[in-house]
Amino acid sequence: MVGFEEEGNGTMVTKGRAAVKVTGPDGQTGNAITLTSKDGIFRGDIALKQPGKYTFVVGAKLTDDKTRQFSFVYELK
């Protein structure tokens, strides 16, 4: 799940498009997974099947029509 807020006022952005690509501990990057918006949160189903570090790259194009990209790492023990 990913949520977006408007800078300055904290209002949730509920419209737009978002997707995520996941790179697993084996270095393999999967296809983009479309995230759907529901109740102000963009969601998608992802299975983390093996322990190790996962890199998530989220791309979004929200109501202001600007393209954004965010990256973060999560380690499954």
Side-chain angles (χ1 to χ4, degrees):
M1 296 186 293
V2 178
F4 300 100
E5 292 181 357
E6 287 187 27
E7 190 173 17
N9 67 15
T11 302
M12 294 298 293
V13 177
T14 59
K15 295 184 181 178
R17 296 179 307 176
V20 62
K21 282 189 175 185
V22 181
T23 302
D26 59 1
Q28 298 292 317
T29 301
N31 293 328
I33 298 167
T34 300
L35 303 177
T36 56
S37 178
K38 183 177 181 185
D39 301 327
I41 302 292
F42 290 80
R43 311 162 188 237
D45 292 327
I46 299 170
L48 306 180
K49 296 183 180 183
Q50 56 190 15
K53 289 186 180 181
Y54 288 83
T55 301
F56 299 86
V57 177
V58 178
K61 191 169 190 179
L62 305 174
T63 53
D64 62 4
D65 214 30
K66 291 182 183 176
T67 302
R68 296 167 174 81
Q69 190 173 42
F70 309 91
S71 178
F72 60 96
V73 175
Y74 175 77
E75 184 170 359
L76 180 64
K77 298 190 181 210

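Reckoned from all heavy atoms, side chains included, excluding hydrogens, waters and symmetry mates.
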* Locate the shortest heavy-atom distance separating Val57 from Gln69; write the atom from each residue and the value. => CG1-NE2, 3.1 Å

* To do: Mind checking side chain to side chain contact (heavy atoms under 4.5 Å, CB included) for Asn31 and listing every partner two or more places apart, or none if nothing turns up?
  => none

* Asked: Do Glu6 and Val13 come close enough that some side-chain heavy atom pair is under 4.5 Å?
  -> yes

What pairs of donor and acceptor atoms, side-chain ones from residues 18-26 against any protein atom, are under 3.5 angstrom apart with sequence neighbours left out?
from	atom 1	to	atom 2	distance (Å)
Thr23	OG1	Thr29	OG1	2.7
Asp26	OD1	Gln28	N	3.0

* **Any pair counted as ring-ring contact (aromatic ring centres under 6.0 Å, His included), so long as it reaches residues 13-37, sequence neighbours left out** => none

* With sequence neighbours excluded, residues passing side-chain hydrogen bond (donor to acceptor under 3.5 Å, both in side chains) with Thr11 -> Asn9

* Could you give the distance from CZ (Phe56) to CD1 (Ile33), rounded to the nearest 0.5 Å? -> 9.0 Å

* Mind checking who shares a hydrophobic cluster with Ile41, ILVMFWY linked at side-chain heavy-atom distances under 4.5 Å? -> Met1, Met12

* Output the distance between atom NZ (Lys49) and atom CD1 (Ile46), rounded to the nearest 0.5 Å. => 12.5 Å

* Which pair of heavy atoms, one from Leu62 and one from Arg17, lies closest together, and at what distance? -> CD2-O, 4.4 Å

* To do: Using the test salt bridge (charged side-chain N to carboxylate O under 4.0 Å, His left out), find all partners of Lys61 that sit at least two apart in sequence or belong to another chain.
  => Asp65

* Structure fact -> Tyr74 meets the ring pair (Phe, Tyr, Trp, His ring centres under 6.0 Å) criterion, sequence neighbours left out, with none

* **Which residues share a salt bridge (charged side-chain N to carboxylate O under 4.0 Å, His left out) with Asp64, sequence neighbours left out** => Arg68

* **Partner set under side chain to side chain contact (heavy atoms under 4.5 Å, CB included) for Glu75, not counting sequence neighbours** => Lys53, Lys77

* Hydrophobic cluster mates of Val73, side-chain heavy atoms under 4.5 angstrom, ILVMFWY only, any path? -> none

* Asked: Which residue pairs pass the side chain to side chain donor-acceptor pair (under 3.5 Å) test when at least one of the two sits in residues 32-48, sequence neighbours left out?
  -> none

* To do: Provide the full list of ring-ring contact (aromatic ring centres under 6.0 Å, His included) pairs with a residue in residues 18-51, sequence neighbours left out, each pair given once.
  => Phe4-Phe42

